[in-house]
Chemist: 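Mind having a look at this structure? Questions to follow.
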Amino acid sequence: MTQASKRTVILISGRGSNMAALIDAADDSAFPAEIVGVISDKAGAGGLGLAASKGIATRVVSRGDFPSKEEHDAAIDATLVELGAEIVCLAGYMRLLTTGLVEKWQGRMINIHPALLPLLKGLDTHQRALDAGLRIHGCTVHFVTAAMDDGPIIAQSAVPVLIDDDERTLSARVLGAEHALYPMALRLVAEGKARMEGGRTVFADFESPSHNGLVTSPGPSSEPVDLEALARFTP
Ligand code: GRF
């Protein structure tokens, strides 16, 4: 028996490229989640037009229309209920949610962060990865809890940091990984194969694909590594 697809609402503040990746994945009728709405806290968010062009309900719940953060989050919650949300995906939603809202949706609200948590919580993750001389960087999808970028991890994807990377090239590589990771993680949650229990992610009926590879940067490569160049970039 096929399970009914989970009604999923996406919260955005900006361009919405992860939102677009989730919408594309959910276009497949076999995908276990259906994107039923997109909410933005910014009227000018680029993603709103794209969502509307796909026939998805959009709502703007502007920060400035509410005297307090609590009232703004209450309006977000009311909009999630109005849209019939069962799962909430934060996709570049740039405001920390109040504890009350997070606790209400705990286990049903997930976020994507552009770093391998618990490293590099917060903003400017790509520049901070470069400044720290990281050779591996990546992205994480996690359940949302009250503390920022802190909830139980569902899935991660790693990318190499190349010797000549700058913030633009590194962020583009991570963003490509995000677009593949987020639909995969949403699938796990919607199918009930990744659940939040006792502050951890519990996986059920899920077999990791066999994998004995290493993610290594620099290399592995047939080219000899230029250690002098590497040293220049590694504090
Ligand atoms: C992404 O890098 C995401 O990881 C972070 O905010 C960015 C949003 O980008 N939370 P987009 O709006 O999905 O293009």
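This one's a predicted model, so the numbers in the text were calculated from it and none came from an experiment. Only heavy atoms go into these numbers, but all of them, side chains included; no hydrogens, no water, no symmetry mates. All residue numbers in this chain count up from 1 along the given sequence.
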Chemist: Please write out which residues are connected to Met148 in a hydrophobic cluster, directly or through intermediates, given that two of Ile, Leu, Val, Met, Phe, Trp, Tyr count as joined at side-chain heavy-atom separations below 4.5 angstrom.
Modeler: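 Noted: Met148 shares its cluster with Leu96.
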Chemist: Residues in salt bridge (Lys or Arg N to Asp or Glu O under 4.0 Å) with Arg173, at least two apart?
Modeler: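 So Arg173 forms a salt bridge (Lys or Arg N to Asp or Glu O under 4.0 Å) with Asp165.
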Chemist: Please work out whether the ring planes of His137 and His126 are parallel, tilted or perpendicular, with thresholds of 30° and 60°.
Modeler: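 Because their plane-to-plane angle is over 60°, the rings of His137 and His126 count as perpendicular.
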Chemist: Could you work out, with side chain to side chain contact (heavy atoms under 4.5 Å, CB included) as the rule, every residue matching Pro152, not counting sequence neighbours?
Modeler: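 Side chain to side chain contact (heavy atoms under 4.5 Å, CB included) list for Pro152, sorted by chain: Phe143, Thr145, Met196, Thr201.
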Chemist: Decide yes or no on side-chain contact (heavy atoms from CB on, under 4.5 Å) for Lys6 and Glu191, but give the supporting numbers first.
Modeler: CA-CA 8 Å; Lys6 291 276 194 253; Glu191 288 176 335; over 6 Å; no
Chemist: Quick one about Thr98 and Glu70 (side-chain donor to acceptor, distance below 3.5 Å, no hydrogens or angles considered), yes or no?
Modeler: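 No, because no side-chain N or O of Glu70 sits under 3.5 Å from a partner of the opposite role on Thr98.
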Chemist: Do Asp41 and Arg63 meet the salt-bridge criterion of a basic N to acidic O distance under 4.0 Å?
Modeler: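 Salt bridge: yes.
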Chemist: Any side-chain heavy atom of Ile136 sitting closer than 4.5 Å to one from Val159?
Modeler: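 In short, these two side chains do not touch, never coming nearer than 4.5 Å.
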Chemist: Could you tell me which residues satisfy salt bridge (Lys or Arg N to Asp or Glu O under 4.0 Å) with Glu82, sequence neighbours excluded, listed by chain and number?
Modeler: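 Expected list: Arg59.
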Chemist: For Arg187 and Asp28, what are the C-alpha separation, side-chain angles and deciding distance, and is it a salt bridge (Lys or Arg N to Asp or Glu O under 4.0 Å)?
Modeler: CA-CA 12 Å; Arg187 170 187 286 280; Asp28 179 348; 5.3 Å; no
Chemist: For Glu34, enumerate each residue passing the salt bridge (Lys or Arg N to Asp or Glu O under 4.0 Å) test, keeping only those at least two apart in sequence or located in another chain.
Modeler: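 Glu34: no salt bridge (Lys or Arg N to Asp or Glu O under 4.0 Å) contacts found.
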Chemist: Could you work out, with salt bridge (Lys or Arg N to Asp or Glu O under 4.0 Å) as the rule, every residue matching Asp77, not counting sequence neighbours?
Modeler: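 Scan of Asp77 (salt bridge (Lys or Arg N to Asp or Glu O under 4.0 Å), adjacent residues dropped) gives Lys104.
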